[in-house]
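Here's the structure, in structure tokens; my notes come after.
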Amino acid sequence: MKIAVVGAGIAGPTLAYWLSRYGHEPTLIEKAPRLRTGGYAVDFWGGGYAVAERMGLTAELHAAGYAVREMRLVDQNSRRVGGFSAELFRQNLDGRFVTIPRGDLATMIYRSIDHRTETLFGESISAIVQHDSGVRVTLERGGSRQFELLIGAGGVHSPVRHLVFGPEARFATDLGYRVAAFEVEGYQPRDELVYLAYTMPGRMVARFAMRGEKTMFLFVFTTDRMSGPDPQDVSQAKTTLHQVFGDAGWECPEILRKLDEASEVYFDRVSQIIMDRWSHGRVALIGDAAAAVSLLAGEGAGLAMVQAYILAGELNRAGVDHQDAFRSYERQLRPIVEARQRSARGFATTFAPKTALGVWTRNLASRLLNIPRLAEWVVRSEFRDSIALPEYVG
């Protein structure tokens, strides 16, 4: 089948890879003029790691990623107040755990399909019309294309979801936090292979040293810290971060000076997408477009890859009956995704607790994770996902 896949982040190219493996003809449609870089670092394990293994990406994944040694929490004088050894987590996951910038992961997946999959960069869809034998999409830059199926993989702000299912406000649940990230070169100190975070009530800023003298910064804060609406461009994002973190102390004055040098800043609300169905007719959604667990939940990138793998496999298994494939895909994944969403609603508060007592309690709890048996229990209950990947022939 000719299948349009809207979104060239992580879910879309993964789906295109497996669709091509099964003999379909995917076309990626991406609004950005090129692959998106930057963003934030993701911890990668579980089902997504297993999909990457089946794609032959394991060696590249570890070469591009980082074996983080420690999660360290500090006070305004950079004294350690909490944290834990990441090695305990890696050991309990049999070494199948790596931290990697989201943009690097997306690039790696895209390289596996480049020159074999048609990609329309700088293009988006303005209209979708379904009929008995296919889907006609109108492109914003002019013209239209005919496909047999259309898959929306455009993230939380999915244009396909908006056109087929309705406006984002119907499905988005704001968890009350905002997140921002950027990277720059030449920041000191570096603290190699340490994810280092400073937290005040309602605010957190973290840094992580990467290769090439680069440092990635992540900000998380409660929405009530903003004095105005969400920023709409890089300049407004910088203004908001100065306003929220200008009096935060620690290394924030220097971090904000580096922020002013950045050409790209990621900024978004921390939200979940909750829908009662992930498909309609010949259109289906995957990844954050269907069921975002939220950036702070962990494993969002991995879940997106699992969704892509299973959707492609079910389409291959069902043959011409795409409706049966869509139903099977959702039946397998909905319980897993909904469990992650429930967990994430509680876990978000650990990033930026809203009170001084909450910060103190979080710091104490993090130190307990240095107890091997407790770390093993946490990994078993929270990190060892229950996703058993089906075997598909093809």
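Between T119 and Y110, the side chains place a donor N or O and an acceptor N or O closer than 3.5 Å (distance only, hydrogens not considered). When only modelled atom types and interatomic distance are considered, S126 and E140 share no side-chain donor-acceptor pair under 3.5 Å. If you check the side chains of Y187 and E251, you find a donor sitting under 3.5 Å from an acceptor. Between the side chains of T350 and R362, no donor-acceptor pair is found at a separation under 3.5 Å. Between the side chains of H242 and D260, at least one donor N or O sits under 3.5 Å from an acceptor N or O. If you check the side chains of H162 and E168, you find no donor sitting under 3.5 Å from an acceptor. If you check the side chains of Q243 and R225, you find no donor sitting under 3.5 Å from an acceptor. Side chain to side chain, D43 and T99 meet the donor-acceptor criterion of an N or O pair below 3.5 Å. Side-chain N/O atoms of H157 and D268 include a donor and acceptor closer than 3.5 Å. Side-chain contact of D224 with T222: a donor-acceptor pair under 3.5 Å is present, judged by distance alone.
Residues V156 and I274 are members of separate hydrophobic clusters, defined by side-chain heavy-atom contacts under 4.5 angstrom among Ile, Leu, Val, Met, Phe, Trp and Tyr. In the hydrophobic clustering of this structure, F44 groups with V337; members are Ile, Leu, Val, Met, Phe, Trp, Tyr whose side-chain heavy atoms approach within less than 4.5 Å, directly or through other members. Two different hydrophobic clusters hold V359 and Y195 under the rule that ILVMFWY side chains link at heavy-atom gaps under 4.5 Å. Transitive grouping of hydrophobic side chains (ILVMFWY, heavy atoms separated by less than 4.5 Å) brings M305 and L19 into a common cluster. Linking ILVMFWY side-chain heavy atoms closer than 4.5 Å, directly or via other members, places V129 and I3 in two distinct hydrophobic clusters.
In this structure, the separation between CZ on F245 and CE on M204 is 8.0 Å, given to the nearest 0.5 Å. To the nearest 0.5 Å, atoms OH (Y329) and CG (D324) are separated by 15.0 Å. From Y198, atom OH reaches atom CG of N77 across 8.5 Å, with rounding to the nearest 0.5 Å. Once rounded to the nearest 0.5 Å, the distance linking CD of E330 with CZ of R334 reads 4.0 Å. Taking CG of L28 as the start and CD1 of I151 as the end, the distance is 11.5 Å to the nearest 0.5 Å. Separation of atoms CZ (R136) and OG (S144) is listed at 4.0 Å; rounding is to 0.5 Å.
R141 places none of its side-chain heavy atoms less than 4.5 Å from the side chain of L120. W250 places none of its side-chain heavy atoms less than 4.5 Å from the side chain of M200. Between V293 and L303 there is a side-chain heavy-atom pair separated by less than 4.5 Å. In this structure the side chain of L175 reaches within 4.5 angstrom of the side chain of R345, judged on heavy atoms. Side-chain contact check for F208 versus V68: some heavy-atom pair is nearer than 4.5 Å. Between E192 and M210 there is no side-chain heavy-atom pair separated by less than 4.5 Å. Side-chain atoms of V5 and I29, non-hydrogen and from C-beta on, never get closer than 4.5 Å to each other. Between C252 and V205, some side-chain heavy-atom pair lies under the 4.5 Å cut-off.
Residue W278 comes nearest to A290 through the heavy atom pair NE1-O, 3.6 Å, listed as atom of the first residue, atom of the second, then distance. Of all non-hydrogen atoms in L163 and A127, the two that sit nearest each other are CD1-N, 4.1 Å. Taking every heavy atom of both residues into account, A64 and D104 meet most closely at O-OD2, 4.5 Å. For I273 against Q341, the heavy-atom pair with the smallest separation is O-NE2, 2.9 Å. In plain terms, the two heavy atoms of R207 and P189 that are nearest each other are NH2-CG, 3.3 Å.
A distance-only check finds a donor-acceptor pair linking the side chain of Q130 to the backbone of H280 [under 3.5 Å]. K238 places a side-chain N or O within donor-acceptor distance of the main-chain N or O of A262, the cut-off being under 3.5 Å. Judged by distance alone, the side chain of R203 and the main-chain N or O of P353 form no donor-acceptor pair under 3.5 Å. Listed for the E70 side chain is no donor-acceptor partner under 3.5 Å among the backbone atoms of V194. The backbone N or O of N363 lies less than 3.5 Å from a partner atom in the side chain of S366, making a donor-acceptor pair. Put simply, the side chain of R170 gets close to the backbone of F165: a donor and an acceptor are under 3.5 Å apart. Panel note: side chain R72, backbone V81; no donor-acceptor pair is recorded below 3.5 Å. Y17 places no side-chain N or O within donor-acceptor distance of the main-chain N or O of G12, the cut-off being under 3.5 Å. Side-chain atoms of N370 come within 3.5 Å of backbone atoms of R367 as a donor-acceptor pair (strictly under, hydrogens ignored). The backbone N or O of R211 sits less than 3.5 Å from a side-chain atom of Y66, completing a donor-acceptor pair.
Using cut-offs of 30° and 60° on the angle between ring planes, the pair F182 and F219 is parallel.
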* In sequence, state the C-alpha distance, the side-chain angles, and the governing distance for R145 and E118, and then conclude on salt bridge (Lys or Arg N to Asp or Glu O under 4.0 Å). => CA-CA 13 Å; R145 296 280 294 268; E118 179 187 27; 2.9 Å; yes

* **Stepwise side chain to side chain contact (heavy atoms under 4.5 Å, CB included) check, T240 with R178** => CA-CA 11 Å; T240 297; R178 296 296 182 266; over 6 Å; no

* Going through the distances and angles, do R96 and E53 end up as a salt bridge (Lys or Arg N to Asp or Glu O under 4.0 Å)? -> CA-CA 10 Å; R96 301 171 78 249; E53 282 182 320; 2.6 Å; yes

* Can you check side chain to side chain contact (heavy atoms under 4.5 Å, CB included) on L61 and I100, steps first, answer last? -> CA-CA 8 Å; L61 187 66; I100 185 168; 4.0 Å; yes

* Asked: Would E391 and R54 count as a salt bridge (Lys or Arg N to Asp or Glu O under 4.0 Å) if you check the C-alpha gap in whole Å, the side-chain angles of each, and the deciding distance to 0.1 Å?
  -> CA-CA 11 Å; E391 296 287 345; R54 296 186 183 191; 3.1 Å; yes

* T173 and Q272: CA distance, side-chain angles, deciding distance, side-chain hydrogen bond (donor to acceptor under 3.5 Å, both in side chains) verdict -> CA-CA 5 Å; T173 298; Q272 294 182 335; 5.7 Å; no

* Take N316 and H24, measure what side-chain hydrogen bond (donor to acceptor under 3.5 Å, both in side chains) needs, and give me the verdict at the end. => CA-CA 9 Å; N316 183 56; H24 298 294; 4.9 Å; no

* Between L259 and F217, does a side chain to side chain contact (heavy atoms under 4.5 Å, CB included) hold up when you go through it step by step? -> CA-CA 9 Å; L259 169 67; F217 297 93; over 6 Å; no

* To do: Test side chain to side chain contact (heavy atoms under 4.5 Å, CB included) on L368 and F84 and set out the steps.
  => CA-CA 8 Å; L368 295 176; F84 52 87; over 6 Å; no

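Relative to the six-membered ring of F326, R282 misses at least one condition, a distance below 6.0 Å or an angle of at most 45° to the axis.
Under 4.0 Å is where a charged nitrogen must lie from a carboxylate oxygen, and between K2 and E148 no such pair does. Ion pair E314/R327 not flagged as a salt bridge, since none of the NZ, NE, NH1 or NH2 atoms sits closer than 4.0 Å to an Asp/Glu carboxylate oxygen.
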